[in-house]
Amino acid sequence: MNRMLRSVARWAGVWTGQASFNETATALMRNEICPIFEGRAVSMDFEVYEPAGMQLVYGVRTVLAPDLDGSLKTLSFSTRFGLVQLEQTPDDEDVLALTGVTDEGVKLTVTMLPQDRDHMQLSAIWRPVGAGAASEEVQGVNGLLRRVTIWKPGAPMPDVARR
Amino acid sequence: MTTPLLSRFAHWLGTWRGRVDFAEGHQALMQFTLTPVFGGQAIQVETVAFDIESSRSITRGWGYFSLDRSGRVVNNIYGNYFGFAILHETPDDPEVLSLQGPLPGNEVMDVTMNVLGDEFTLSSRRWEGYTSHDDRPRTYTRMKRVAHYVEGDS
Amino acid sequence: MTPRVADYQRWVGTWTGEGGTQAGQKTLIRQTFSLALDGTGLEMHFEAFDTSLSVMFHGVRSMLAPAPSGVLRALAYSTIHGPLLLELMPDDEGVMALSGDSQSGNRISVTFVEEAPDTLLFTAFWRGPGEPVAGDDTPRMTCRLQRCRPWAPQGP
């Protein structure tokens with residue numbers, strides 16, 4: 001198994017957290033990672049929700065797998081961009097960095113940066129090809145995902161809003 | 001992800017495939033997939049047996065392993081040929097998981113499972129609930145590991 | 001009419017909404033339905049979170065499938081109640097009412113009511129052994145779930 005793919009497979013599970021959407025709006029993220037095809041690939045179901053009412057803002061279904069030359073690629077369906085293929089780009093060890101261009105000429109960059117066993121920084125940035133990184137046309141989602149914490153009966157309830 | 005359940009069964013996770021000899025006499029190809037859910041609080045078990053000649057699935061099953069308060073395994077299971085049951089662990093050797101529980105129709109099911117290296121063996125039997133023993137044949141399954149849940153992790 | 005898995009096939013997909021727990025907290029809920037077991041079963045996956053999605057109050061994975069008699073039951077694992085077998089109670093079309101006892105003897109009831117093609121009213125409650133039978137004023141977890149429809153680029 002590809003070394004990076006093995007690292008990603010170890011992220012298997014449900015991750016949730018808060019994010020900023022286009023640097024202004026607050027959003028909620030859920031990412032479910034699961035090894036598939038008998039360990040030869042990993043699926044990721046990434047969803048971004050508006051906090052009030054859980055309206056889906058952005059959803060991506062991805063299969064991450066090695067190409068015949070061993071390089072990692074994704075085949076994704078994005079609710080914003082349709083079918084997208086991303087390729088792994090060099091980055092630090094254990095960082096999954098992917099980039100690609102949609103048919104509409106939008107450059108997508110996704111970075112998943114594990115901070116420890118249970119926390120991961122995730123950013124998904126898109127901009128028209130040719131637009132600079134500081135361009136106003138840059139949009140995206142950025143936030144910290146945490147491996148989901150499950151409340152156990154008997155434990156204190158988290159400090160949450162009452163209806 | 002470490003829980004008491006996974007401490008005991010992490011090496012069982014993944015996909016297993018091999019021959020099943022059903023108590024009724026026919027053979028098929030069995031596949032088990034064991035996946036942790038809810039951070040390892042439970043293990044989801046999905047099973048399918050394929051007829052070797054026609055490739056059609058002849059049995060389908062689903063279930064969850066979890067631990068009760070005393071640390072014994074509880075397995076609530078579904079099989080399309082026997083229905084629904086909740087099985088509880090019964091005493092056996094430490095490396096063996098033996099379970100037993102009632103089925104609808106005054107029947108009892110017992111299952112014995114063991115993983116040794118890359119081999120998963122399972123035998124099961126259904127018998128009349130009101131008799132203390134019964135010499136009905138068992139179903140035997142012997143499967144080889146097809147995939148680790150996370151390769152290199154177990 | 002005996003319900004069949006096919007009766008719920010139109011619910012396949014992801015549903016979300018904001019509701020309240022039985023204890024009175026606000027909660028965000030995500031529910032998925034998908035066909036499984038060669039199309040003979042309906043896999044149901046329920047998650048209820050706090051409003052920042054940081055703690056999962058309750059998670060349930062379940063499978064609705066036919067017993068050999070044809071009767072539908074649900075097999076489930078709940079992060080609160082543990083392993084469950086739930087009976088599908090007779091009800092109107094467009095309703096899935098499940099009920100059963102946990103291993104600790106708690107009575108669990110879960111109901112989905114299809115209010116509109118893209119709206120499900122979810123209610124659930126549990127009571128301990130010996131507690132009075134639930135009435136209309138019994139606290140429940142409730143949520144109006146909407147089918148997940150992604151925001152479109154030309155949308156708001």
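Chain naming here is simple, since letters A, B, ... match the order of the sequence lines and numbering starts at 1 in each.
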Atom group of C:Leu145 that falls short of 4.5 Å from chain A, counting heavy atoms: neither
Max heavy-atom pair count under 4.5 Å with chain C, selected residue of A:Lys152, A:Glu50, A:Arg30, A:Arg146: A:Arg30
Chain C contact via A:Val48 - which portion, at a heavy-atom distance below 4.5 Å: neither
Pairwise side-chain contact, A:Val148 with C:Phe49, heavy-atom cut-off 4.5 Å (strictly under): yes
A:Lys107, NZ: over 12 other non-hydrogen atoms inside 6.0 angstrom: no
Leading residue by heavy atom contact count with chain A [cutoff under 4.5 Å; candidates C:Ser54, C:Cys143, C:Gly59]: C:Ser54
Flag side-chain contact, heavy atom, 4.5 Å: A:Trp151 against C:Thr79: no
pair A:Glu47-C:Thr16: side-chain heavy atoms closer than 4.5 Å: no
Side chain, backbone, both or neither of A:Pro51 within contact of chain C (heavy atoms, under 4.5 Å): backbone
Whether over 12 other heavy atoms sit under 6.0 Å from A:Glu104 CD: no
Spacing of CD belonging to C:Glu47 relative to CD1 belonging to A:Ile150, to within rounding of 0.5 Å: 9.0 Å
Closest approach of C:Leu53 to A:Thr16 (non-hydrogen atoms, all atoms of both residues): O-OG1, 2.6 Å
Greater than 12 external heavy atoms within 6.0 Å of A:Asp116's CG: yes
Nearest-0.5 Å distance that lies between atom CE in A:Met54 and atom CD in C:Gln31: 11.5 Å
CZ/A:Arg61: more than 12 non-hydrogen atoms of other groups inside 6.0 Å: no
